[in-house]
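Since we're looking at a predicted model, the values are computed, not measured.
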Amino acid sequence: MNDIPRLSARERTILELLVSNGEMYGLQLVKASPEIKRGAVYVTLSRMADKGFVKSRRVEEEALPGKPRPRYSITGLGQTALNAHDSYVAHFTYKGAPA
């Protein structure tokens, strides 16, 4: 059973946001969810990249010239981890029980 991906609530939220919105900047993730705090978003994204759940690419915006900023997207492994986590939770949660 150790093969089940372990996702924190913050990681799950980030993956769900990336699935529904596509590529996002870290601060867009913060604005999209009260669960994601500005001080923790890049640390969390870095750990998720190390796990292979997200990837980033540097983008320079015309509206904000200067240093390119990373945009994050979910990887195939991240999608698999999210699906596995959701299936696991659904399987072991019965009606009326807290998730």
Side-chain angles (χ1 to χ4, degrees):
M1 282 288 176
N2 290 343
D3 294 339
I4 302 295
R6 299 178 80 62
L7 296 176
S8 69
R10 186 179 304 129
E11 289 174 330
R12 185 175 183 276
T13 299
I14 288 172
L15 292 177
E16 287 176 338
L17 286 168
L18 293 174
V19 166
S20 57
N21 297 303
E23 280 188 334
M24 296 178 78
Y25 294 109
L27 292 179
Q28 287 177 310
L29 291 163
V30 171
K31 290 179 183 176
S33 174
E35 295 174 38
I36 304 169
K37 303 299 181 201
R38 187 175 188 155
V41 68
Y42 292 106
V43 172
T44 303
L45 286 166
S46 177
R47 288 182 185 150
M48 293 174 73
D50 289 345
K51 293 179 185 179
F53 294 164
V54 298
K55 62 183 177 181
S56 66
R57 68 182 182 97
R58 299 263 176 202
V59 177
E60 186 169 340
E61 287 192 38
E62 292 178 24
L64 298 168
K67 187 177 178 183
R69 299 183 319 159
R71 287 181 62 98
Y72 296 88
S73 60
I74 190 169
T75 63
L77 181 59
Q79 183 67 61
T80 300
L82 182 61
N83 293 344
H85 176 80
D86 289 348
S87 294
Y88 179 82
V89 169
H91 180 76
F92 288 102
T93 303
Y94 59 91
K95 193 172 187 171

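Hydrophobic clustering of Ile, Leu, Val, Met, Phe, Trp and Tyr side chains at less than 4.5 Å, counting indirect connections, unites Met48 with Val30. Placement of Val59 and Val41 in two distinct hydrophobic clusters is found when ILVMFWY residues are connected by side-chain heavy-atom separations under 4.5 Å, directly or transitively.
Counting heavy atoms of neighbouring residues, nucleotides and ligands inside a 6.0 Å radius, atom NZ of Lys51 exceeds 12 of them.
In this structure, Ile74 and Phe53 have side chains that are not in contact, with every pair of non-hydrogen atoms separated by 4.5 Å or more. At least one side-chain heavy atom of Tyr42 sits less than 4.5 Å from a side-chain heavy atom of Tyr72. Taking the side chain as every heavy atom from C-beta outward, Leu29 and Leu45 approach each other to under 4.5 Å. In this structure, the side chains of Ile36 and Leu17 come closer than 4.5 Å at one or more pairs of heavy atoms.
A pairwise comparison of heavy atoms in Pro68 and Arg58 identifies O-NH1, 3.5 Å as the closest pair. Annotation for Gln79 and Val19: closest pair OE1-CG2, 3.3 Å, computed over non-hydrogen atoms. Summarising the geometry of Ser73 relative to Leu18, their closest heavy-atom pair is C-CD1, 3.9 Å, with the distance given to 0.1 Å.
Within the 3.5 Å criterion, the main-chain N or O of Gly52 finds a donor-acceptor partner in the side chain of Thr75.
Put simply, CG on Asn21 and CD on Gln28 are 8.0 Å apart, with the number rounded to the nearest 0.5 Å.
Annotation: salt bridge (Lys or Arg N to Asp or Glu O under 4.0 Å) contacts involving residues 23-46, sequence neighbours excluded, comprise Glu23-Arg57, Glu23-Arg71.
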